[in-house]
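Remarks on the structure that follows.
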Amino acid sequence: LDDHMAAAVEKKEQKLAMNKAEPEPPTKFVVQMALCACVNSALLGYDTGVLSGALLYLREEMNLSTTQIELLTSSMNFIAIPGCFMAGTIADSIGRTKTLFAASLTFLVGALLMAGAQDYGTLFFGRSLIGIGVGCGLSIDPLYIAEMSPPEFRGKLTSYSETAINIGILAGYVSNVAFMWLPDSYNWRVMLAMGALPPFVMMILATFVMPDTPRWLLSKGKQDEAESVLKKITRSEEEAKSTERDIKASIAEEKTGLGWKEGWKKILCPSKVIGRMLSLTLWISALQQLCGVDVILYYAPILMEDGGIDNRLYQLGLTALAGLAKVSVLFVTMHYLDHKNSGRRPLMLLSYANLAISTTLVAIGFAASSVGLSVFGIIYFCGAFSIGAGPICWLMNSEVLPLSVRARGMTLGCSLNRLASAVLQTVFLSLTEVATPVGSFMFLTGINLFSFVYLWFLMPETKGKTLEEMYDFFRGIVGVKKTEAEPNSQVELDIKESKGSEIISNEPSGMNTGEQTPGGAIEIGDINPRQTRTTSDELGEAPEGSI
């Protein structure tokens, strides 16, 4: 027995040494699939960017009032909310890729309707269809990427979605500048019609290129398809087999220990642990939009016009410069999301501190009639948003929640995110008329300062943890013991006993197949098994009846 304990200690030291080394990069296939999924995010980005310029011409072409502009802009986000709720159920039923296809088809139809609209009613209806597509797609593509990614690169890969949104926004701004030279009677139609291209590409990718995730395939009993995908997303056959076993154990534990068939009950009446997870992800989802990002992106040309910039080229060109700043900073952020000296928490705090500074600068610029300071503040704001508030929101939603509530939790987070955006878009221009731009931007400063304080006290660092390890981490945060959080399932005990038998027999194995953590729970579903923990003999006492 002493020999086995010594071997276990040696094994632990070897693993610690491996964890200090640079992790192997994700496979080429994982990166390709992440990029494919990001095309969906580009849909929202292009719509945001192109509508900001098209509104300048629509306001004159159809003689739209401030209220009509606010309703047209915000309607997409209000309608996106039922789209978000449908997405979770649809994705769990028909799969991630088929859901992305349906969302893109809806978006495509809406974009073409808006481009051919002859009246405000048709515009509004097309915008509503786009909202359904955005709601469905925005919930699923970060989830798809998270379920295909190794944990040590999940932050960077999931941030591809935010990068795609920003590239889409920039493309929309560039489209505005490119087509502004056409006659005003139809230049906005060309701008909006170009929005049908990204969803068409997404439909092709979802149908012919992208497979569904191993987690969803195994949950539906599609063994052969899951094994085929696992071989492509892992770096060895042993790792593929180990990951498959871990995922199966995760699914079995979810069914027995957390109540697979309870559906929304686990969201609406959560345990203390899941409640803490949901509270964090929902607050982050809402605060991302309450900071004012969408109103600045949509209304920047109008705000510049109100600030004294009458030239259309300057209005659209400076807006495009803000979009370029947003994309540029995001590429830097991607490097630090999983960096050993950084993480989610410091980037979020830095982001919201700078958001508060930038909105204050815009307010001062309007108060002092300094157009240059106001424009600088808007560009500064876009860069500050990409430091953390933008990319980390969807990363936290996709990595914090356990499998049994992940799709529905992301649905709820996406819905709250869209609701916050819609409410602010509906009132912001009217608020600017009543309270002046100074008052409206100082209001945003107050929200961003509140966000900073909330994150300072209540956001933990989640970098480097596996999707299934996250539950144990939050259980420790709220101080709930294993027996209070959830009972050991028979499946879990079986796996413990199986692993314990392997140690006693000292049979060599290249696979890590579900090892125990200090509380006796097993670590499940890690795409990179090198990071899983060691057995109970190494780290602590196992529950009675297990080895």
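Computed over heavy atoms, backbone and side chain alike; hydrogens, waters and symmetry mates excluded.
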Response to the item:
By ring-ring contact (aromatic ring centres under 6.0 Å, His included), Phe474 pairs with (sequence neighbours left out) none
Discussion item. If only side-chain N and O atoms count, and only distance matters, is there a donor-acceptor pair under 3.5 Å linking Gln32 with Lys232?
Written reply: no
Worksheet entry | Ile302 and Asp306, any side-chain heavy atoms less than 4.5 Å apart | yes
Practice prompt. Starting at SG of Cys136, measure out to CG of Asn40 and round the result to the nearest 0.5 Å.
Written response: 9.5 Å
Discussion item. Phe78: which residues meet the ring-ring contact (aromatic ring centres under 6.0 Å, His included) condition with it, sequence neighbours left out?
Written reply: none
Worksheet item: Under 4.5 Å between any side-chain heavy atoms of Ile79 and Arg418, yes or no?
Response: no
Worksheet item: Are the side chain of Asn166 and the backbone of Gly323 linked by a donor-acceptor contact shorter than 3.5 Å?
Response: no
Practice prompt. Test Val293 against Leu297 for side chain to side chain contact (heavy atoms under 4.5 Å, CB included), laying out the working first.
Written response: CA-CA 6 Å; Val293 62; Leu297 293 176; 3.8 Å; yes
Fill in: Close side-chain approach of Arg235 to Thr27, heavy-atom, < 4.5 Å
yes
Worksheet item: Do we see a donor-acceptor contact under 3.5 Å between the side chains of Ser74 and Gln425?
Response: no
Worksheet item: Just checking, is any N or O donor in the side chain of Thr48 or Asp294 under 3.5 Å from an acceptor N or O on the other one?
Response: no
Worksheet item: Are Arg344 and Glu399 ion-paired here, with the side-chain N under 4.0 Å from a carboxylate O?
Response: yes
Worksheet item: So, do Phe107 and Ile132 sit near enough that their side-chain heavy atoms are less than 4.5 Å apart?
Response: no
Discussion item. Does any part of the side chain of Ile145, heavy atoms only, come nearer than 4.5 Å to the side chain of Ser161, both counted from C-beta?
Written reply: yes
Item to complete: Please lay out, stage by stage, how Thr99 and Tyr144 fare under the test side chain to side chain donor-acceptor pair (under 3.5 Å).
Response: CA-CA 11 Å; Thr99 305; Tyr144 180 89; over 6 Å; no
Side-chain atoms of residues 275-284: list all donor-acceptor pairs with protein atoms under 3.5 Å, sequence neighbours left out, distances to 0.1 Å.
unit_1 : atom_1 : unit_2 : atom_2 : d
Arg276 : NH2    : Leu458 : O      : 2.9
Thr281 : OG1    : Met277 : O      : 3.2
Thr281 : OG1    : Leu278 : O      : 3.1

Worksheet item: Do Arg59 and Gln68 have side chains that get closer than 4.5 Å, going by heavy atoms?
Response: no
Discussion item. Rounded to the nearest 0.5 Å, what separates atom CE in Met33 from atom CG in Leu205?
Written reply: 8.0 Å
Item to complete: Before accepting this row, confirm whether a basic side-chain N of the pair Glu147/Arg96 lies closer than 4.0 Å to the acidic partner's carboxylate O.
Response: yes
Worksheet item: Taking only residues two or more places apart in sequence or in another chain, which ones pass side-chain contact (heavy atoms from CB on, under 4.5 Å) with Leu112?
Response: Leu108, Ala196
Worksheet item: Of all residues at least two apart in sequence or in a different chain, which pass the ring-ring contact (aromatic ring centres under 6.0 Å, His included) check with Tyr336?
Response: His339
Response to the item:
CG of Leu71 to CE of Met76, rounded to nearest 0.5 Å, is 14.0 Å
Worksheet item: Should the pair Phe124 and Tyr120 be assigned to parallel (<30°), tilted (30 to 60°) or perpendicular (>60°) ring geometry?
Response: tilted
Worksheet entry | Ser185 versus Glu61, side-chain donor and acceptor atoms under 3.5 Å | no
Worksheet entry | Distance (rounded to the nearest 0.5 Å) between Phe179 CZ and Met191 CE | 8.0 Å
Worksheet item: Just checking, is any N or O donor in the side chain of Ser175 or Tyr46 under 3.5 Å from an acceptor N or O on the other one?
Response: yes
Fill in: Pro214 side chain reached by Glu244 side chain, heavy atoms, under 4.5 Å
no
Practice prompt. Check whether any side-chain heavy atom of Leu123 lies under 4.5 Å from a side-chain heavy atom of Leu113, and answer yes or no.
Written response: no
Worksheet item: Among all residues two or more places apart in sequence or in another chain, which pass the ring-ring contact (aromatic ring centres under 6.0 Å, His included) test with Phe331?
Response: none
Practice prompt. Validate the cation-pi geometry between Arg312 and Tyr57: distance from NZ or CZ to the six-membered ring centre under 6.0 Å, angle to the ring axis within 45°.
Written response: yes
Worksheet item: Are any of the side-chain nitrogens in Lys231 or Glu239 under 4.0 Å away from the carboxylate oxygens of its partner?
Response: no
